[in-house]
There are 2 protein chains.
Amino acid sequence: MVRSGYAAVSSRRVAASVGINAPLLHYYFPTIDDLFVAVMRRRANQYVERMAAALASPEPLRAWWELASDAGGAGLFVEAIAAANHRPALRIEVGKVARDLRQLQMQTLTSLLDEYGLDPDEFPPALVAAALQGLAFGLVSDQMAGYETAHAEAAAGMAKLIARLEQQRARRLSARGRIPARRTSARP
Amino acid sequence: MVRSGYAAVSSRRVAASVGINAPLLHYYFPTIDDLFVAVMRRRANQYVERMAAALASPEPLRAWWELASDAGGAGLFVEAIAAANHRPALRIEVGKVARDLRQLQMQTLTSLLDEYGLDPDEFPPALVAAALQGLAFGLVSDQMAGYETAHAEAAAGMAKLIARLEQQRARRLSARGRIPARRTSARP
DNA sequence: GTCTATAGCTGGATAGAC
DNA sequence: GTCTATCCAGCTATAGAC
């Protein structure tokens, strides 16, 4: 799916690549949609967990960005979202992940923006989350397609910006007498 | 294409919707790729022109944002980019537009960032352009698919942020004795 | 230019033997 | 569970009459 695009995923081809033949694939996954949904559900759960871990790490923003802009992990979702455009069953599944992820991100941001020194009136959680995800998605997808949209410069700029924000947060936290630590640890 | 997704575009269906039949469509557009490329080329030129006009308007950032986040205009590109993923001929065409648009945006930003009071070291043109486009693309595409990702809040936040930036620019320009005017007019 | 007829392919899915 | 054989649908594209 990532290598050749979701359009290359057909019952015959998938079956062949696993060494069985098409009818047997239909024995396990009655319809092709069932297959897409199963793959999606499995990877989505992993991804949500990795996102939760990133958001709870010592440098939440950096970890989030690295996860979102990693071509390996995000590549599947680029294809999934495209495929979902004309596969209703898959769209429902992708919709659930999208909603869960955004909810998770916004919740974390609400309590995190202050630590980064960002005014939630100027940068509301919904905007920050959508911007970060949109930027990452665009970069990964342009990179995958080979479009010359200066994605390398943009990625470099973003890395620098995030480094600055993490520094800022570290200073703020230490000024409050807290060591920037895992958010899951006990809070004073 | 926008209504039912690019997958609904087949020679038969397109022909039927124009009141002719498939072979005649192939008479005008030998292959389906030719049709996609022709449509893309036509709309792309219009879009580049509109983008240039937006960037030369009295409030460049606002105009750019409105153009990019307009579901009507951007909807086609959401589908085109998805379709380009498995149509090499179309990918080349989309790649050209993507490159031209980004180049145009970055050029303008280079001379514009200062007026908005943005430090080009903190926010390089490539980053600003990619972020704005990525955000807009994500919002439009989530909206089209019906995903619950708080796109309304994000859009509202972005509108507010841009309003602030335009205000800031207006103040800066008037402080320098310039009326914020069309960038195509004569400069002192 | 515009049509009918049709070839040729690929894919989803099922029947039914083993 | 796993296979062979097969049906049916939809699409791209061409041949050839008018």
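Below, chain A is the first sequence line, B the second, and so on; all start at residue 1.
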Asks: Can you check the A/Leu24 CG to D/dG1 P distance for me, whole Å?
Replies: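 Answer to the nearest Å: 10 Å.
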
Asks: Partners of B/Asn45 by side-chain hydrogen bond (donor to acceptor under 3.5 Å, both in side chains), sequence neighbours excluded?
Replies: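 side-chain hydrogen bond (donor to acceptor under 3.5 Å, both in side chains) check on B/Asn45 returns nothing, list empty.
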
Asks: Using the side chain to side chain donor-acceptor pair (under 3.5 Å) rule, collect all pairs that involve residues 118-143 of chain B, keeping only residues at least two apart or in two chains.
Replies: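 Of all non-adjacent pairs touching residues 118-143 of chain B, those that pass side chain to side chain donor-acceptor pair (under 3.5 Å) are A/Lys160-B/Asp121, B/Trp64-B/Gln133, B/Gln105-B/Gln133, B/Asp142-B/Thr149.
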
Asks: Choosing from C/dG1, D/dT2, D/dC3, which nucleotide comes nearest the side chain of B/Tyr28?
Replies: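 The closest nucleotide is C/dG1.
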
Asks: In degrees rounded to 10°, what angle is found between the helical axes fit to the five outermost pairs at each end of the helix from C/dG1-D/dC18 to C/dC18-D/dG1?
Replies: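 The end axes of the helix from C/dG1-D/dC18 to C/dC18-D/dG1 are about 10° apart, to the nearest 10°.
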
Asks: Could you check how far CZ of B/Arg13 sits from C1' of D/dT12, rounded to whole Å?
Replies: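 That distance rounds to 14 Å.
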
Asks: So, is A/Asn21 close to the D/dT4 phosphate, meaning a side-chain N or O under 4.0 Å from OP1 or OP2?
Replies: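 A/Asn21 to D/dT4 OP1/OP2: side-chain N or O found under 4.0 Å.
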
Asks: For the side chain of A/Arg172 and the backbone of A/Tyr116, is there at least one donor-acceptor N/O pair under 3.5 Å apart?
Replies: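 Such a contact is absent between A/Arg172 side chain and A/Tyr116 backbone.
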
Asks: Without decimals, in angstroms, what is the distance between B/Tyr27 OH and D/dA15 C1'?
Replies: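 Checked: the OH to C1' distance equals 16 Å.
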
Asks: Taking C-beta and beyond as the side chain, do B/Ile32 and B/His26 meet within less than 4.5 Å on heavy atoms?
Replies: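 Yes, side chains in contact.
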
Asks: List in chain and number order the residues that pass side chain to side chain contact (heavy atoms under 4.5 Å, CB included) with B/Ala15, two or more places apart in sequence or in another chain; answer none if no residue qualifies.
Replies: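 B/Ala15 satisfies side chain to side chain contact (heavy atoms under 4.5 Å, CB included) with B/Ile20, B/Leu25 only.
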
Asks: Rounded to the Å, how far apart are A/His86 NE2 and C/dG11 C1'?
Replies: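 Rounding to the nearest Å, NE2 of A/His86 and C1' of C/dG11 are 13 Å apart.
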
Asks: Is there a donor-acceptor pair closer than 3.5 Å between any side-chain N or O of B/Thr31 and the backbone N or O of B/Asp34?
Replies: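 Side chain of B/Thr31 to backbone of B/Asp34, a donor-acceptor pair under 3.5 Å: yes, one is there.
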
Asks: Ion pair present between B/Glu115 and B/Arg169, side-chain N to carboxylate O less than 4.0 angstrom?
Replies: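 Looking at B/Arg169 together with B/Glu115, the answer is yes, because their closest N to O distance falls below 4.0 Å.
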
Asks: Show me the pairs that pass ring-ring contact (aromatic ring centres under 6.0 Å, His included) and involve residues 76-99 of chain B, at least two apart or across chains.
Replies: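 Applying ring-ring contact (aromatic ring centres under 6.0 Å, His included) to every pair that reaches into residues 76-99 of chain B, excluding sequence neighbours, yields A/Tyr6-B/His86, B/Tyr6-B/His86, B/Tyr47-B/Phe77.
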
Asks: Produce a footprint string for nucleotides 13-18 of chain C: one letter per nucleotide, 5' end first; B if the base is under 4.0 Å from any protein heavy atom, S if only the sugar-phosphate is, - if neither.
Replies: BB----

